[in-house]
Amino acid sequence: MKGYIDSIYEIIGNTPMLKLNRITEHYGVKGNIFAKLEYLNPGFSKKDRPALEMIEAAKSSGSLKPGQTVLEVTSGNTGTGLAIVCQAKGHHFIACMSQGNSMERARMMRALGAEVIIVPQGKDSVIGQVSGDDLKLVEEKADEILKERNAFRANQFIQDSAYEAHFKTADEMWNQLDGEIDVFMDILGSGGTFRGCAKRLKEHNGDIQCYAVEPKNAAVYAGHAIVNNGRHQIQGCGYARDLPIVDKDYMDGYIQVGDEEAIQMTRDLARLEGAFVGYSSGANVSAAVKLLKELDRDINIVLTLNDSGLKYLSTDLF
Ligand SMILES: Cc1ncc(COP(=O)(O)O)c(C=O)c1O
């Protein structure tokens with residue numbers, strides 16, 4: 001057997017599954033939470049998966065030409081995955097990112113060979129809180145650069161390959177848990193993880209219930225009003241806008257998580273489980289604990305721990 005890999009992207013995926021025994025015990029809830037350690041991917045987030053799938057699909061369909069520049073609007077994680085994949089496959093990569101995201105991500109993408117364009121936030125915006133309006137400004141800038149540089153836009157928000165990458169995530173979950181899954185939940189960014197995992201898990205077993213997790217201030221899929229301009233601290237998700245790749249048919253329920261709850265749970269994950277992750281991972285686990293409290297039944301919930309806590313050392317998370 002070959003004992004090495006030829007390119008770093010070959011180790012994307014196949015992440016371990018951790019049962020959060022200490023969290024469920026600490027919160028005194030019945031049932032189990034299984035967390036897929038996606039922050040152990042080479043770019044330290046689950047977004048390595050769609051990055052690889054989008055580039056491979058675009059190369060094989062011919063929509064990405066050999067040597068063509070790739071561009072993406074990113075909160076940093078998809079960009080990190082794309083930087084890794086593009087470098088290995090011979091494409092220059094440009095990341096367009098809001099100033100509101102933590103700067104570790106920009107530094108990391110640059111170190112990985114990417115060109116990073118930071119787009120200033122709107123008038124009333126706050127660093128560390130990227131609103132839908134901020135994202136619109138990034139989109140406008142990206143459109144400009146796309147034309148100037150004749151680049152290929154990876155476009156995680158609309159590409160089928162971005163959610164299809166997570167069929168594999170779901171298959172891994174299914175195999176790791178021997179199909180013993182009652183609930184899947186995920187906080188929505190592009191909605192790619194939710195759509196891919198929910199679709200595939202329901203193909204395995206139509207009884208699996210899938211919950212969309214959203215920040216309290218930006219719970220648009222749950223049908224709630226947007227509060228405080230949709231601002232929140234859970235980076236990488238909750239843009240309070242329509243997500244083209246999300247299919248509401250896969251949503252069996254909705255859970256909202258506030259900033260403070262997400263932050264507390266992120267700290268608990270580090271302290272109790274040794275899982276050093278970011279805000280959105282805390283949000284997912286916080287949502288799971290809420291559901292277990294409400295249902296008070298011995299069920300198995302599966303979710304992803306999305307990215308590494310190392311990406312937030314410049315924030316007040318830790
Ligand atoms: C830290 C983090 N959490 C959650 C998400 C949301 O994942 P998805 O785009 O699959 O909905 C992202 C997306 O970039 C992210 O960076």
Side-chain angles (χ1 to χ4, degrees), residues 13 35-39 41 43-54 72-83 95-98 100-102 104-106 108-109 128-130 135 138 154-170 184-200 210-215 218 220-221 232-247 250-251 257 262-263 265-266 269 275-287 303-312 315 317:
K36 208 149 163 52
L37 307 185
E38 289 295 304
Y39 66 101
N41 278 303
F44 309 115
S45 93
K46 66 177 177 179
K47 302 298 290 196
D48 285 3
R49 293 178 186 260
L52 178 61
E53 189 79 19
M54 285 191 291
E72 183 62 317
V73 167
T74 172
S75 67
N77 281 330
T78 306
T80 301
L82 283 169
C96 262
M97 187 175 123
S98 169
N101 292 119
S102 67
E104 289 90 327
R105 301 162 185 236
M108 191 171 166
M109 286 189 281
Q129 300 183 17
V130 179
L135 209 60
V138 184
N155 221 336
Q156 56 173 323
F157 283 94
I158 58 166
Q159 297 286 357
D160 287 350
S161 50
Y163 75 81
E164 286 165 359
H166 290 293
F167 291 166
K168 187 166 175 290
T169 316
F184 160 75
M185 59 176 62
D186 193 40
I187 191 152
L188 307 171
S190 68
T193 313
F194 183 85
R195 166 95 184 257
C197 287
K199 180 173 190 304
R200 180 52 65 93
C210 298
Y211 286 77
V213 179
E214 296 178 289
V220 290
Y221 277 92
H232 61 84
Q233 284 178 272
I234 310 171
Q235 292 188 35
C237 48
Y239 299 116
R241 64 180 210 174
D242 193 40
L243 302 170
I245 60 175
V246 164
D247 186 341
Y250 295 116
M251 293 181 187
V257 178
I263 289 168
M265 189 60 83
T266 311
L269 281 163
F276 193 60
V277 293
Y279 295 93
S280 72
S281 308
N284 272 351
V285 177
S286 176
L303 49 77
T304 52
L305 296 188
N306 301 325
D307 71 350
S308 168
L310 291 172
K311 299 190 182 210
Y312 304 92
T315 74
L317 180 56

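Sequence positions, counted from 1, serve as the residue numbers for this chain. Counting starts at 1 for both ligands and their atoms, following the listed order.
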Mind running side chain to side chain contact (heavy atoms under 4.5 Å, CB included) on Q235 and T315 for me, showing each step along the way?
CA-CA 11 Å; Q235 292 188 35; T315 74; 4.1 Å; yes
Note to self: If only side-chain N and O atoms count, and only distance matters, is there a donor-acceptor pair under 3.5 Å linking K46 with T169?
What the structure shows: no
Separation between NE2 (H166) and CD1 (I245), nearest 0.5 Å, reads 8.0 Å
Could you go through ligand 1 and list every pair where one of its N or O atoms sits under 3.5 Å from a protein N or O, giving the atom names and the distance to one decimal?
from     : atom 1 : to   : atom 2 : distance (Å)
ligand 1 : 3 (N)  : S280 : OG     : 2.6
ligand 1 : 9 (O)  : K47  : NZ     : 2.6
ligand 1 : 9 (O)  : S190 : N      : 2.8
ligand 1 : 9 (O)  : S190 : OG     : 2.6
ligand 1 : 10 (O) : T193 : N      : 2.9
ligand 1 : 10 (O) : T193 : OG1    : 2.5
ligand 1 : 11 (O) : G189 : N      : 2.8
ligand 1 : 11 (O) : S190 : N      : 3.2
ligand 1 : 11 (O) : G191 : N      : 2.8
ligand 1 : 16 (O) : N77  : ND2    : 2.8

| Ring centres of Y279 and Y312 under 6.0 Å apart? | yes
For E53, the side chain to side chain contact (heavy atoms under 4.5 Å, CB included) test, sequence neighbours excluded, returns S161, A165
Check: Side chains of T78 and Q156: is there a donor and an acceptor less than 3.5 Å apart?
Finding: yes
